[in-house]
Trainee: 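Next up is a structure, given as structure tokens.
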Amino acid sequence: MRSSSHPVPMAAARAASMLLLCSSWASSPAARTTSLLSAEAFSSVASRTAPAFARPLTVRAPRHRCRPRRYPRYLSPSPSCVLPSLALSVATAAASDTDAVFPPFDNLEEYTAYISGDRSALPLGFATGTASGTFVPVEAPSMGKLPIKGTVLYLTEGPTDSWAAVFTKNKFPGSPVKVGRARLSSGGPIQAIVVNNKVSNVCSGGDGEADSELVCDAVASALALGEGGKDAGKLVLPSSTGVIGWRLPAKELAEDVVPKAVANMQTESAHDAARDIMTTDRYPKLRSKTLSNGARLVGIAKGAGMIEPNMATMLCYVMTDADVPKSTLQSMLSSAVNDSFNSISVDGDESTSDTTVVISSRKVPTDDDALLKEFEEALTEITKGLSADLVRNGEGTGHVMRISIGNFPGSDADARRLGRHIANSPLFKCAVSGNDPNTGRLAGAIGSFMGKFFEEAVLDDLTVTLGGRAIFGSNKFILEGDDVERELSDHMKEAQLGEVDEYPRHQKFVEIGLDFGDENGGDGSATVLGSDLTKEYVSVNADYRS
């Protein structure tokens with residue numbers, strides 16, 4: 001919990017108290033959670049939304065501590081407890097952002113500190129809660145009780161129409177994807193997202209969609225959504241990830257995990273949500289960005305294997321308080337996904353559960369063209385950052401390749417296909433893993449793709465670089481002895497990551513460039529990220545279910 005030891009001017013305390021008293025504190029849905037508001041954020045938000053301001057505040061007093069308490073179904077805490085702590089919350093530090101390129105880290109503690117605290121601060125109007133439980137898989141009861149986690153993302157002040165999503169195009173989609181598609185096509189609002197790990201609820205023996213809806217109903221009931229109506233569960237969007245083919249332990253989630261997750265709701269940080277949606281991920285992934293008008297975007301993602309997305313990623317959720325129209329939000333998300341999650345590959349296997357969602361609490365007006373452009377750029381930065389994090393955190397990943405393609409004789413989509421073809425070449429992936437600059441394997445992957453799909457293309461002007469050095473041009477390799485071999489290998493070693501590290505050491509890449517030239521090339525371009533192939537990847541996937 002963030003707090004400040006600096007004294008708060010009495011005028012600020014009085015203004016804060018008056019604003020609270022004039023708000024609909026006791027009756028507002030927002031009053032059902034606790035949160036923390038910075039001095040800067042208070043000034044910015046109050047000036048924009050003072051008449052309706054009702055964001056609750058973390059209850060902390062200087063000497064007579066008022067311990068934060070959890071209340072069934074978010075009954076409002078006593079004003080006598082909230083008001084004395086209001087002035088203190090005004091003096092807390094403002095939320096800060098993650099960098100587009102993270103600094104290097106020496107250990108898990110450094111990385112956790114970096115993505116926690118202010119950088120993980122939730123946008124206005126959001127709360128998250130997580131909890132753990134156990135279940136016995138019907139399909140493999142001999143495995144005994146297995147752990148499962150549930151995460152709930154919640155809009156504290158009511159449902160929103162401003163949300164967008166993209167889903168997998170796999171022909172065997174998970175039941176949560178089917179439910180999500182129905183929610184999206186109906187055009188209705190949502191107020192919560194529920195995510196479970198361990199079981200993906202895909203092609204199971206039971207009624208997977210009914211199981212997903214049961215969990216959604218449990219969330220709606222615990223949060224008292226929709227005034228308890230029979231369709232309140234439709235205000236909840238489900239997501240699942242984990243083992244394919246197993247039935248979702250819906251009863252365990254609905255009766256045990258969801259109520260505990262709701263009881264654990266807080267409005268400070270997205271870090272725990274990022275951590276608890278993980279499966280074989282080695283560390284949580286979180287990115288944040290604040291706009292010039294004070295609006296904030298915070299994105300979390302999970303995924304380490306089965307990553308070659310098609311219109312989505314494994315699981316990604318971007319929360320924002322920027323008020324962006326639904327149609328605009330959908331268009332922006334689709335574009336951002338094409339430039340990020342559709343441009344990565346860990347192992348060439350497209351998941352059955354891929355989902356990317358952006359959801360807005362609509363607390364901060366973002367209604368002019370300049371602000372909308374700034375929002376779109378921030379959304380793209382976050383999705384690109386998270387997509388790179390997914391590859392860097394891939395199962396057994398030891399290197400991340402960045403394949404940059406220019407002047408391709410086809411479309412941008414075609415250029416992406418070539419990049420993914422290179423990234424998915426088993427022979428070349430193994431060479432990168434061993435820091436072996438086997439340029440023949442790279443050329444072979446390029447020639448294979450072009451021969452299959454662009455047979456008429458002229459490649460006389462194609463130049464290929466590795467680590468910035470030209471290694472192929474005019475249909476010939478440009479290799480100049482041991483010094484060049486050593487230079488290329490050193491470039492790969494410099495980009496090496498720990499295959500089992502629980503944090504990202506650095507943000508470096510094995511840089512591969514393809515330029516098809518001006519004369520025989522075209523306008524297509526793309527940048528694709530891919531991972532190498534290591535023994536650790538095989539080890540992880542050889543006993544994934546256990």
Trainee: Thinking salt bridges, do Asp161 and Lys326 make one under a 4.0 Å N-O criterion?
Mentor: no
Trainee: Is the closest side-chain donor-acceptor distance between Asp99 and Tyr114 under 3.5 Å?
Mentor: yes
Trainee: Indicate yes or no: at least one non-hydrogen side-chain atom of Ile422 is less than 4.5 angstrom from one of Leu418.
Mentor: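 Yes, at least one pair of side-chain atoms sits under 4.5 Å.
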Trainee: Using the ring of Tyr503 (Phe, Tyr or Trp, six-membered ring only), decide whether Arg282 places NZ or CZ under 6.0 Å from its centre and within 45 degrees of its axis.
Mentor: no
Trainee: Verify, without hydrogens or angle tests, whether Thr366 (side chain) and Val364 (backbone) share a donor-acceptor contact under 3.5 angstrom.
Mentor: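 It does hold such a pair.
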Trainee: Do we see a donor-acceptor contact under 3.5 Å between the side chains of Ser269 and Ser120?
Mentor: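 Short answer, yes.
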Trainee: Do Asn435 and His399 get their side chains close enough for a donor-acceptor pair, meaning under 3.5 Å?
Mentor: yes
Trainee: Do Leu488 and Arg469 come close enough that some side-chain heavy atom pair is under 4.5 Å?
Mentor: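 Of all side-chain heavy-atom pairs linking Arg469 with Leu488, at least one is under 4.5 Å.
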Trainee: Centre of Phe105's six-membered ring, under 6.0 Å away, within 45 degrees of the axis: is that where NZ or CZ of Arg505 sits?
Mentor: no
Trainee: Would one find more than 12 heavy atoms of other residues, nucleotides or ligands at under 6.0 Å from atom CG of Asp523?
Mentor: no
Trainee: State, yes or no, whether a side-chain contact exists between Asp515 and Leu462 at a heavy-atom distance under 4.5 Å.
Mentor: no
Trainee: Do NZ/NE/NH1/NH2 and the carboxylate oxygens of Arg441 and Asp436 come within less than 4.0 Å?
Mentor: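 Salt bridge flag = no for Asp436 with Arg441.
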Trainee: Ring of Phe449, cation from Arg420 - is the NZ or CZ under 6.0 Å from the centre and inside 45° of the axis?
Mentor: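 No, Arg420 does not sit over the ring of Phe449.
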Trainee: By ring-ring contact (aromatic ring centres under 6.0 Å, His included), which residues pair with Phe516, not counting sequence neighbours?
Mentor: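 Phe516 satisfies ring-ring contact (aromatic ring centres under 6.0 Å, His included) with Phe408 only.
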Trainee: Any donor-acceptor pair under 3.5 Å linking the side-chain atoms of Glu374 with those of Ser292?
Mentor: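 Result is yes, a qualifying pair exists.
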Trainee: Side chain of Asn293, backbone of Pro365: donor and acceptor closer than 3.5 Å?
Mentor: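 Confirmed, Asn293 side chain pairs with Pro365 backbone.
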Trainee: If the condition is side chain to side chain contact (heavy atoms under 4.5 Å, CB included), which residues does Ser361 pass it with, not counting sequence neighbours?
Mentor: Phe126, Leu155, Asp321, Lys363
Trainee: Quick one: does Val318's side chain get under 4.5 Å of Val357's, heavy atoms only?
Mentor: no
Trainee: Are any of the side-chain heavy atoms of Leu427 and Cys430 separated by less than 4.5 Å?
Mentor: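 No, every pair of side-chain atoms sits at 4.5 Å or beyond.
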Trainee: Does NZ or CZ of Lys285 lie under 6.0 Å from the centre of the six-membered ring of Tyr283, at an angle within 45° of the ring axis?
Mentor: yes
Trainee: Side chains of Asn197 and Thr279: donor-acceptor distance under 3.5 Å anywhere?
Mentor: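 No, no side-chain donor-acceptor pair sits under 3.5 Å.
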Trainee: Identify which one of Val258, Asn201, Val257, Asn196 satisfies the side-chain contact (heavy atoms from CB on, under 4.5 Å) criterion when paired with Val215.
Mentor: Val258
Trainee: For Thr527 and Ser404, indicate whether the former's side chain and the latter's backbone hold a donor-acceptor pair under 3.5 Å.
Mentor: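 No: the side chain of Thr527 does not pair with the backbone of Ser404.
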